[in-house]
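Right, one structure below, let's go through it.
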Amino acid sequence: MKLKLFYSLKRKVLAVCLAGMILMALCVGGISLWTISHLTYDYEIQNMNHLVDTKATIINDELLRSESIVNYAANSVSRKISDPDQLRNPAFQQRLAQSVDHDFQDATTNLHIICSYYLYYPSENISALWKASRGHDSMFYDVLAQQRGESGQAAPRHVVAFAYLMDQGKAAWTQPYYSPYLNRYIISYLRPIYEDGVMVAIIGVDLDFQAFIDRLYAKPSEGEEHGMIILSDATGTVEYSPKKPLGVPLVDKDIHLKDTADKVAEAGQTDNEMLSYTWAGKPSLAGIRTLRNGMNFIDLRQVPKIYNRTHKAFMQMGFGLVAVCILASLLPLYMISRLSERLQLVIEAAKEVGEGNYDVKLHDMHPDDIGELSRNFQAMAEKVAAAQENLTYMSQHDALTGILNRMGLDKEVADWLKAHPASHGALVSLDLDGFKFINDLHGHMAGDEALRTLAKDLIESFGHDQIIGRNGGDEFVVFMKDTEPEQAEKVIKAFSNKVKTFTYDGEIHAFSVSIGYTLYKGDGTSLSRLFHQSDTALYAVKLRGRNHYRIYDATMENLNRTSLGFNLETITKNLPLGLLVSEAKPHGKILFVNKTMVEMLECRNIHEFMEFTQGYAPNVVCTCDRERMTKMVWEQSAREPDRPHCMSYSIHTAKGLDKRVFAIWRMADNPNYGEVFYATLMEASFLRELTSDDGECKA
């Protein structure tokens, strides 16, 4: 469990007050140590860092110059090798060695610490060039020539150094080692040369490490009387000295590192970090600087000697005590003031939410009561804002089609008219023709798909910038903004003439729409008046046969609307004859039946009727008359396709009864289904006269 001592606001204030009193009580005993530490870092530590920086700069300069010589020669060799196979040519090897020798002779004149340079071919395991100097001021002699004279062949040199470089795979400094060929302690800088991903050559120099450390330890520098100068390895635990060039552990001198290897690496790169040691059992501090070859230059001093001026610190104790007391008094006041400010932010945010503004920002990340209150209040405001936005969207959009509903339509159009009272536009009312027929024939799922398809077609044809919505049922509305009469008629005409289809259950079905529209001429006509005019124009289109468009005209106000009171459902439901509509095919699919037809076959509903007939018109006829009836239908259709025909045949009901019926039918073109049969049926028992056997009606 987390410690919640400071989680409560009361506990936080109490803890601050207690902390102030404890701080005042401890200040007398702790101020002296604080002041001493401050003075140490202000003066002595700066002096130690200055000392290691000065010497490290001189050493790094020589190391950098050595690296530059090798890199210059390596770049020259890399430019000369265009193909690794060139190195198999002895003449090319000889010319390359001469070029490298010339580069080193020019560069090593003023750098006496270099005692050897060489060119090595790893693939051939031979040294093409190896020259060394016997003294600081002597010339470089050919070591390979001497070896050939002594042994008759050139032995590969510095096997240990080259193996180290092969592991590194890049330019690197080696650790100190003794070279029996050069008879001295050296450190080497080697750089590989790659061609096509293959190491083809190694160029390097050897530095006289003995001379290097002899000069480093030659005489004490200013400030060294209090401590020890050390050249160490990368870990800060091994010393390289004139007597022990290959290194000796510092623990042999009773010097122990207290910090980690990571801390050593970090301190070697900055002036802000000091290392902790124990020297002869006493705590010690060390200034450290990392050299280019990975070694460290260290100035180590014992803490008791560093603090030899502590008596000066006590002069400042009185001033420090006063400052701490003032701080202890002001801290509780500051904390309470800060907490009050945070609470005030929450109060202001609550007022904003109460006024309906949910866009509040409380960025309080403190892990206490106020922070938790702020975060919870922020989350609550965001959720309320999202819910409010969602409710607003749902209240103004149609759930089925995703476009505006009547409320959204009224708001959007009213807002536009208010903002652009002098602009022109057009209000368009649309009605999906035969929507009830689609629902009755294919089901309400198909009707929903037809509505969704019509909404998408409206957006595609009129554009996303226009106000498009569903007025309810199968009625849609489009308000065309900034539109002149000619442009409005052009777009509406194109949409009216467009072939409209929807896909349901894998089948494509055609549909049409009736369109009425009115123009807004910037004359301040009210929205309710515009809706009335477009609706009147739509009604005029329906009276004239649907699937067309008309613009509002004042004469339309006198149209009689009573004829639309009888829709398809009312007519077919109460028709005393059985009505059957099917495809004009030998095995035509049933497209529509009315309630009387369902009852005539003794079915309970349309679904049972379609299941009983399997959805095909010939299955209504009894099997005994099916072949005769089918033959007669197609003969009469071929002979006189444009007139109605009549016949008598038997039907078989769902309850197993056979009924004799009299049918009148006619073939016609339907814009949605092509050629179809319209047939009305009546039971023969209700007729006064029966049809003749040949199918012709009696006069």
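Numbering starts at 1 and runs along the sequence shown. The figures that follow rest on heavy atoms only: side chains count, while hydrogens, waters and symmetry mates do not.
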Query raised in the report: Are the charged groups of D415 and K418 less than 4.0 angstrom apart, N to O?
Result: no
Requested in this report: In plain terms, say whether E489 and K493 are close enough for a salt bridge, that is, a side-chain N and a carboxylate O under 4.0 Å apart.
Outcome: no
Report task. Please tell me if the side chains of V598 and N605 come closer than 4.5 Å, counting only heavy atoms from C-beta onward. Result -> no
Query - Atom of W665, atom of V633 and distance for their closest heavy-atom approach - result: CH2-O, 3.4 Å
Query - Sub-4.5 Å side-chain heavy-atom contact between R660 and S648 - result: yes
Report summary line: CG (L657) and CD (E602) are apart, to the nearest 0.5 Å, by 4.5 Å
Query raised in the report: Would you call I590 and M610 a side-chain contact if the rule is heavy atoms closer than 4.5 Å?
Result: yes
Requested in this report: Assess whether side-chain contact (heavy atoms from CB on, under 4.5 Å) is satisfied between L404 and V477, documenting all intermediate values.
Outcome: CA-CA 9 Å; L404 295 171; V477 174; over 6 Å; no
Query raised in the report: Got a salt bridge between K659 and E683, using NZ or NE/NH1/NH2 to carboxylate O under 4.0 Å?
Result: yes
Requested in this report: Could you tell me whether K500 and D457 make a salt bridge, using a distance below 4.0 angstrom between a side-chain N and a carboxylate O?
Outcome: no
Query raised in the report: Strictly by modelled atom types, are D433 and S512 linked by a side-chain donor-acceptor pair under 3.5 Å?
Result: yes
Report task. Test salt bridge (charged side-chain N to carboxylate O under 4.0 Å, His left out) on E475 and K542 and set out the steps. Result -> CA-CA 13 Å; E475 297 180 8; K542 291 182 178 180; 5.0 Å; no
Query raised in the report: Tell me, do F662 and C646 make a side-chain contact under 4.5 Å, heavy atoms counted?
Result: yes
Query - Contact summary for T483 and A488, nearest pair of heavy atoms - result: CG2-N, 3.5 Å
Query raised in the report: Side chains of M629 and M647: does their closest heavy-atom pair fall under 4.5 Å?
Result: yes
**Report entry** Residues S429 and D535: side-chain donor-acceptor under 3.5 angstrom
**Finding:** no
Query raised in the report: Does the ring center of F502 lie less than 6.0 Å from the ring center of H509?
Result: yes
Query raised in the report: Looking at side-chain heavy atoms only, is the closest gap between I664 and H645 below 4.5 Å?
Result: no
**Report entry** Closest approach of P586 to P618 (non-hydrogen atoms, all atoms of both residues)
**Finding:** O-CG, 3.3 Å
Query - Taking every non-hydrogen atom, the tightest pair across A537 and M556 - result: CA-SD, 3.6 Å
Report summary line: M480 and Q466 have their tightest heavy-atom pair at CA-OE1, 3.2 Å
Query raised in the report: Will you find, in the side chains of H424 and Q487, an N or O donor that is under 3.5 Å from an N or O acceptor?
Result: no
Report task. Would you please say whether a donor-acceptor pair under 3.5 Å links the side chains of R452 and T401? Result -> no
Query raised in the report: Do L400 and L451 have side chains that get closer than 4.5 Å, going by heavy atoms?
Result: yes
**Report entry** Close side-chain approach of E449 to T503, heavy-atom, < 4.5 Å
**Finding:** no
Query - Geometric cation-pi criterion, R626 with Y649: 6.0 Å, 45° - result: no
Query raised in the report: Is it true that the side chains of Y616 and E583 contain a donor and an acceptor less than 3.5 Å apart?
Result: no
Report task. Can you label the angle between the W416 ring and the Y520 ring as parallel, tilted or perpendicular, going by 30° and 60°? Result -> perpendicular
Query raised in the report: Centres of the F495 and F462 rings: under 6.0 Å?
Result: yes
